[in-house]
Amino acid sequence: MDIQQGAQLLRLAEMNKQPIAPFTSSTDISVDDAYRIQLLQIQEKTEAGAEIVGMKIGLTSKVMQDMFKVTTPDFGHILNTMVYVEEEPVKVSQFLQPKVEFELAFFLKSDLQGPNVSEQDVIEATEAIAPAIEIIDSRIENWQFQFQDTVADNGSSAGAVIGQMRTAVDLQALKTIELVAKRNGEVFDKGVSSAVMGNPAKAVAWLANMLSDYDITLKAGQFILAGAITAAVPFEAGDTFEADFGTYGTVRVAFS
C-alpha cells in the first residue's frame, strides 16, 4: 500500500464528506502500513497548525470488537480541533456517518513511555479521570471496514467531549465504575468500566506499549480516551446524549 496515496484518499474523503471503499477491498495493506497512513495524516495536520491534545483507544470491549469483527484494540489521535465543550451544540453536518461512544478519559500528570508499562504505572502517571463522550466517524463506506482500514482512518476518531469533574482513582476502583447512558432524556444503555479489557488502565498501558513501536510517548497534560464501555450508537441533529458515571461525574452533548 502506498502510504502517501492512502493518506490523500482519506484526507479527501474527510474534506469532501464522501466516504471511500475500504483499502482492504482492493489492495494488500499491513497493520504497520495502516498506522503509517494515520501518522502521516496527523503529521500533516500538526504542520498546518493543529495540536495533539490526546489519544483514543478503540475496540477495547467485546461489544465493540464484535460490532466490527476484530479481536485487538487500535489507537488514534485527538487534535485540539476535535475537542468540543458541553455548552455548545455540535454540528452534525461536519461528519459523514457519525456515532457516539461513552468512556473514561485519563488525564496524565507525567509521561508514559513503553515498552513494559504496567497498569500500576498508568495509575501513578494519572492525575485524574473524567467522564467522556467520543464522537467516532468513518471515512470508509457504511462502516464496512477491516482492522487495517479503521487504523488508517485514525481509529475512526472524530471528536471528544470531556465532562467537568476530575477524580483521582485507584486500580481496583477503576474496574467497577457504572455508566448509565441517556438519549434525549431516556435511558437506553448501561455498562460497567470492566468491559474495557477488564480494567481501563490495562487499555492505557496497552496504548503506551504499542506507541513505543512508533517512538511515541504519552505526554503529561494529554488525555487518553480509554475505550467504549457500551456499543456505539448513531445520532442525528436534535439528539442529546448524557453519560452518567455516578460519583465520577456526568458529561453531556447536544447535536444540531
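Keep in mind that the numbers below use all heavy atoms, side chains included, and drop hydrogens, waters and symmetry copies.
- Note: the hydrophobic cluster containing L218 does not contain M82 (ILVMFWY, side chain heavy atoms under 4.5 Å, direct or indirect links).
- Interatomic distance, D74 CG to T150 OG1, rounded to the nearest 0.5 Å: 5.0 Å.
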Problem set entry | Candidate pair V122 and F106, rule side chain to side chain contact (heavy atoms under 4.5 Å, CB included), full reasoning | CA-CA 9 Å; V122 170; F106 286 64; 4.1 Å; yes
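- Considering CD of Q38 and CD of Q148, their distance stands at 13.5 Å, rounded to 0.5 Å.
- Among L104, I78, I57, the single residue meeting the side-chain contact (heavy atoms from CB on, under 4.5 Å) criterion with L225 is I78.
- Side-chain atoms of S138 and S156 form no donor-acceptor pair, as typed in the model, at a separation below 3.5 Å.
- Without hydrogens or angle criteria, D137 side chain to A158 main chain gives no donor-acceptor distance under 3.5 Å.
- Under the 4.5 Å side-chain heavy-atom criterion for grouping Ile, Leu, Val, Met, Phe, Trp and Tyr, I177 is not connected to I162 through any hydrophobic cluster.
- Using a 3.5 Å distance cut-off with no hydrogens or angles, the side chains of N116 and N209 do not pair a donor with an acceptor.
- Here CD1 of I216 is found 9.0 Å from CG of L207. Values are rounded to the nearest 0.5 Å.
- V117 and A208 get closest at one heavy-atom pair: CG2-CB, 3.9 Å.
- Aromatic ring pairs are classed by plane angle as parallel below 30°, tilted from 30° to 60° and perpendicular above 60°; the pair F241 and F188 is perpendicular.
- Atom CD of E87 has more than 12 neighbouring heavy atoms from other residues, nucleotides or ligands inside a 6.0 Å radius.
- Side-chain atoms of D244 do not come within 3.5 Å of backbone N or O of A181 as any donor-acceptor pair.
- Closest approach of Q41 and A7 over heavy atoms only: CG-CB, 3.8 Å.
- Of the charged side-chain nitrogens involved, none lies within less than 4.0 Å of a carboxylate oxygen, so that K109 and E124 do not count as a salt-bridged pair.
- Annotation: cation-pi pair R166/F107 present, NZ/CZ under 6.0 Å from the ring centroid and within 45° of its normal.
- Side chain to side chain, S157 and N154 fail the donor-acceptor criterion of an N or O pair below 3.5 Å.
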Exercise. Is there a side chain to side chain contact (heavy atoms under 4.5 Å, CB included) between V204 and L112 once you walk through the steps?
Worked result: CA-CA 9 Å; V204 179; L112 273 175; 4.1 Å; yes
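- In this structure, Y248 is not a member of the same hydrophobic cluster as V180, with clusters built from ILVMFWY side-chain heavy atoms closer than 4.5 Å.
- Judged purely by distance below 3.5 Å, without hydrogens or angles, the side chains of Q8 and Q4 never pair a donor atom with an acceptor atom.
- Here the side chain of N199 pairs a donor or acceptor atom with the backbone of L171 at under 3.5 angstrom.
- In this structure, the side chain of T81 does not engage the main chain of A50 through any donor-acceptor pair within 3.5 Å.
- Judged purely by atom type and a 3.5 angstrom limit, S25 has no side-chain atom pairing as donor or acceptor with the backbone of A21.
- When the side chains of ILVMFWY residues are joined at heavy-atom separations under 4.5 Å, either directly or via intervening members, I20 and W143 end up in a single hydrophobic cluster.
- Within the 6.0 Å centre-distance limit, the rings of F75 and Y35 are counted as a close aromatic pair.
- In terms of the salt bridge (Lys or Arg N to Asp or Glu O under 4.0 Å) criterion, R183 has no residue partners (sequence neighbours excluded).
- For the atom pair CD1 of I229 and NZ of K190, the computed distance is 14.5 Å after rounding to the nearest 0.5 Å.
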For this session: Evaluate the side chain to side chain contact (heavy atoms under 4.5 Å, CB included) criterion for residues R36 and D32: first the C-alpha distance (whole Å), next the side-chain angles of each, then the deciding distance (0.1 Å), finally the verdict.
Result: CA-CA 6 Å; R36 299 292 178 188; D32 186 64; 3.6 Å; yes
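- If you take CH2 on W206 and OG1 on T72, they are separated by 6.0 Å, rounding to the nearest 0.5 Å.
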For this session: Start with the C-alpha gap between V83 and F223, add the side-chain angles, then the distance that decides, and say whether side chain to side chain contact (heavy atoms under 4.5 Å, CB included) holds.
Result: CA-CA 11 Å; V83 177; F223 65 84; 4.2 Å; yes
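- Between G155 and K56 the shortest heavy-atom distance is O-NZ, 2.8 Å.
- A donor-acceptor distance shorter than 3.5 angstrom exists from the side chain of R139 to the backbone of D153, with no hydrogens or angles considered.
- The backbone N or O of A13 sits nowhere less than 3.5 Å from a side-chain atom of N16 that would complete a donor-acceptor pair.
- When all heavy atoms of I140 and Q97 are compared, the pair lying nearest together is O-NE2, 2.6 Å.
- More than 12 heavy atoms of other residues, nucleotides or ligands lie within 6.0 Å of CG in D170, so this atom counts as buried by the packing criterion.
- Considering CG of L108 and CD of Q222, their distance stands at 7.0 Å, rounded to 0.5 Å.
- Heavy atoms only, all atoms of each residue included: A231 and D189 are closest at N-OD2, 4.1 Å.
- Counting non-hydrogen atoms of neighbouring residues, nucleotides and ligands closer than 6.0 angstrom, the CD atom of Q120 exceeds 12 such neighbours.
- Nearest approach of M197 to P73, heavy atoms of both residues: SD-CG, 3.9 Å.
- Under 3.5 Å, the side chains of D111 and T217 contain no donor-acceptor pair of N or O atoms.
- For K17, the NZ atom sits in a packed shell: over 12 heavy atoms of surrounding residues, nucleotides or ligands are nearer than 6.0 Å.
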